[in-house]
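Computed from a predicted model, the values in this text were never measured in an experiment. Within every chain, numbering begins at 1; the chains are lettered A, B, ... in the order of the sequence lines, protein sequences first and strands thereafter.
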Amino acid sequence: MIIPLLKGLKLTLSKFFSKPITIQYPEERLDPAPRWRGIQYFVRDEKGETTCVACGLCMVVCPSGCIYVETAEDEQGRRYPSVYELNTIRCIFCGYCEEACPVNAIKMGKNYELVGYSRDEFILTTGRLLEEESLNT
Amino acid sequence: MVKLTIDGKEITTSQEKTILAAATENGISIPTLCFHRKLSTLGSCRMCLVEIEGAGKPMTACTTPVVDGIVVHTKTERVEKMRREALRLMLVNHPLDCPVCDAGGECQLQNLTYAYGIEHQDFVAEEVERETPAFVTPLIRQWPHRCVMCQRCVQACIEIPGCHVLDVVDRGLVSMIAGVNPDDCISCGECLSVCPVGALTEKLSPIKGRKWQTERIPTTCTFCGCGCQLELNTVGKRTIIKVTTDDEAGSNRGSLCVKGRFGYDYVHHRDRLTRPLIRKNGSLVEGDWEESLNLAAERLGAIRDHYGRGSIGGIISAHHTNEECYLMQKFMRAAIGNNNVDSGSRLTHSPTVAGLMDATGYGAMTNEMDDILKSDVILIAGADPDVDNLIFANKIRRAIREKGSKIVLIDPRKTTLEKYADIWLQPKPGTDLAWINGFIRVILSEKLWAADYVRGHTEGLDELKRGVEAFTPDYVEKLSGIPRGDLVEAAQLYAKAKASSIAYGSGITQHINGTDHVLGLANLAMVCGNVGIEGGGIYPLVIQSNAQGACDMGTLPEFLPGYQPVSEEIPRGKFEEEWGVELPLDTGLTLTEMVEQILQGRIKAMIMVGENPLITLPNPKRWEEAINSLEFLVVQDVFLSEVAQHAHVVLPGTTFAEKEGTFTNMERRIQRVRRAIQPIGDSRPDWAIICQLASKMGYEMEYTHPSEVMEEVRRLTPLYGGITCDRLDGAGIQWPCPNADHPGTRILHEDGFHRGKGKLTPVEYRAPTERTEEGFPLALLTGGHLYHYHIGTFSKRANGLSKVYEETCVRMNPEDARALNISEGDMVRVISPRGEVKTRAKLDQCLVKGMVYVAPGFRDIPLNGLIYADFDPVAKIPEYKVCSARVEKI
């Protein structure tokens, strides 16, 4: 009867003196897995702007309908998103948007810290998506 | 009938069909790219190749007619391979920029590429370097690299508006579509609408949207009486980003004019009124709805109680919906208690209503527009449909092309239709009754009249005979300047044809004897037996979108809705019961009569919904004086118009894109207007404003939706007796439609005239009141302009139209100009005995000597200050067309 108890204590003691495996988040962080799909970001072009051409493919492919795009055209006929809204509360991080994007403008990032004090903070606009890029480089 | 087999299915069809048509009818789909149902076949893309047993090589299904007994296979390995190769060849030069192409998602090439599973193609072609000249219209952007050379745009340009602006230039690799006659372009956008890929895209809205990003709301165009069906493409129920069409919808079948296709963005103009305005200490300041409605109701109520029920007048414009017109007249009759209600159609359409009603019983277009395709001879008098009603002009062209219809054009100006005219008569302005009576005399004296028809269906022939006796060709020549030979020839052409139709426009109606002109034309049509038959008829062309509907809805001082006279006991009793009030008996005042009554102090307050008499009516100084002397003026409009600046309360209404309702177009077709976007700012639909004002004045008008108003109209108006909102989805219904099972009436008077017998009324010729005289040697004509609608309240604020709209100008004959030492582009003064305006001169070969023509930009050149201030005794329409003037260089 005492033997199993000792066996158990042995394990306890061995763990007690070994290096802990708990990560002290947020002081310590783990690198996500290579194929981890976190919060999306926009790739910057040489001018620091988005390369998105607002084709609307991400909008139509998104299974949870969390992307809203309004397309605008400048005088030269170049297109850009006049409105780009990605609702991360609704997003299921499936990565279809990245896959559909014909110009590789949107990517699934590594950031998983999805926190905020209001619902609005979870809606990523073009500016927020460009800011997200810095967390991924 | 022939029998053939397609893909193992036995098909019986008529022999003029092509294999493609036969297959499509029977649900067998054959891929196409260059084929378009509206256009004649091109056979350029090789996508519709099919195999016919016994024929050596595959045939194009779109061009091959069916033959009895043939066996067709549409999906053999051989033709599928050929189609795939054809597609690959098209993709050699087609850039793969689908993500940034407007057509993405709706592109036929994209769809076919996907359907045929083409993932790559191995052909390589050298890069073609070519310069792209600017496209013929600034409203369309051309992407030559995307072009697949199907030539649909070329075909559409030739066949639909009859312009031949586009064609293929150069040969081989560098060939491209370009403007060959760029000056002829009327920016109708037909090329844009038929382009199967994204080689032509709309260049107006900076906001774009894919099919899945936008909503398409089918509605009715507001820019003329044709009532074209179009789809407003909106983003987020906020912004209209383009106009598209459904090829099956409406009588326009997918065609539009520049105004309909590119004139939509006035809706978003920054001048839109978004809050009610109230006059405080002499200036208009923003107020809220409650305050302004209370003020309006209180003041109107006080004036009504103090000065009597007749002291208030109401006007509504002719581009408001039927429901709003109905509510307006109900408001005036039930809440105010008088018949002083009139609409903007007084200024264009009233002679038609008065004249045709008197002659036949119904004051409207007798046949439907498509019926003109069956006419053998089309007489076009005083109308320039290419400018005012392009869709109708397109139908005339189709009639010429398909049926070989002959055209008799009667216009002092050489309009664009002149090149199709077999005979062009050029009367002096204001002398129309001379040739009308002259025609009838020729027809009667040469025994070309329809004797049986006239004896059986009409009355008054003897009086008419006496009335026209004096109008010998010589006499007509003396009065109108039409050579006698031409007159006789034209009259014979009109009378000898099996079915002839008459189309007339503002050149007939906008005269002090406009009603007589209409009666005269009705005489002419009836004498030849052309009323109530297919291919015949009288087509009054209407400029304002709901001029017909405004009259139908009873915004007329003498008629309740459905032309039921206010003076008659029976209809009035029905309305009194439904509305719960006693109705006034005496006829009210027309728009043109109100000014005198205001100045004499009989009218103390006015309600103007969307009308602007300071710009539309002659003698604007007098109107301004009248308006300033009003004790209270309520204006309901979408922009702060000239008259609104004098108002005490301005209520912001909405445009057609922001409200529900119906329009009745010029062929009597009642069609839906649907809400595409939310009202801009704090504006409200006009029907709701009228209801709220009435309720505040103590007369409850409770409707939650315009369909409830239409339901009330249906109960009270036999003409609209079968009109319910759900029946209107789709093609619309033409009145008279007495009950819910009635399909509507395509052709009026088919079973005898509505009034019993057609009335032939001898009409007396009156020489134009104003002759060109000493000091004013030129005849000033006013008329429409392609890029302009009415007085420009909307069209001047549409970015698209202002891109192509040339500056307002006076057009004159080069010889006259030379005599006055005026050259193209000079600033000139146009002076009439009543006033003057400054504008630019433009030389125009199409005008005869002694004539100047001003296309109204009414708002920037107040032309109404020049014209003659008298009006028709019956219809009370002002004389817009005859005015003497001189031009001076500044």
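- At least one side-chain heavy atom of B:R141 sits less than 4.5 Å from a side-chain heavy atom of A:E73.
- Heavy-atom neighbours of B:Y114 OH from other residues, nucleotides or ligands within 6.0 Å: at or below the threshold of 12.
- With a 4.5 Å cut-off on non-hydrogen atoms, B:C98 does not touch chain A at all.
- Scanning all heavy atoms of the two residues, the minimum distance from A:C55 to B:P99 falls at CB-O, 3.0 Å.
- Looking only at distances, a side-chain donor or acceptor of B:W212 sits under 3.5 Å from a matching main-chain atom of A:G56.
- Within 6.0 Å of atom CZ in A:R90, 12 or fewer heavy atoms from other residues, nucleotides or ligands are found, so the atom counts as exposed in its surroundings.
- Judged purely by atom type and a 3.5 angstrom limit, B:Q213 uses its side chain to pair as donor or acceptor with the backbone of A:V69.
- Around the CD atom of A:E27, the shell of radius 6.0 Å holds more than 12 heavy atoms that belong to other residues, nucleotides or ligands.
- Atom CZ of A:F16 is surrounded by 12 or fewer heavy atoms from other residues, nucleotides or ligands within 6.0 Å.
- More than 12 heavy atoms of other residues, nucleotides or ligands shown are found within 6.0 angstrom of CG on B:D271.
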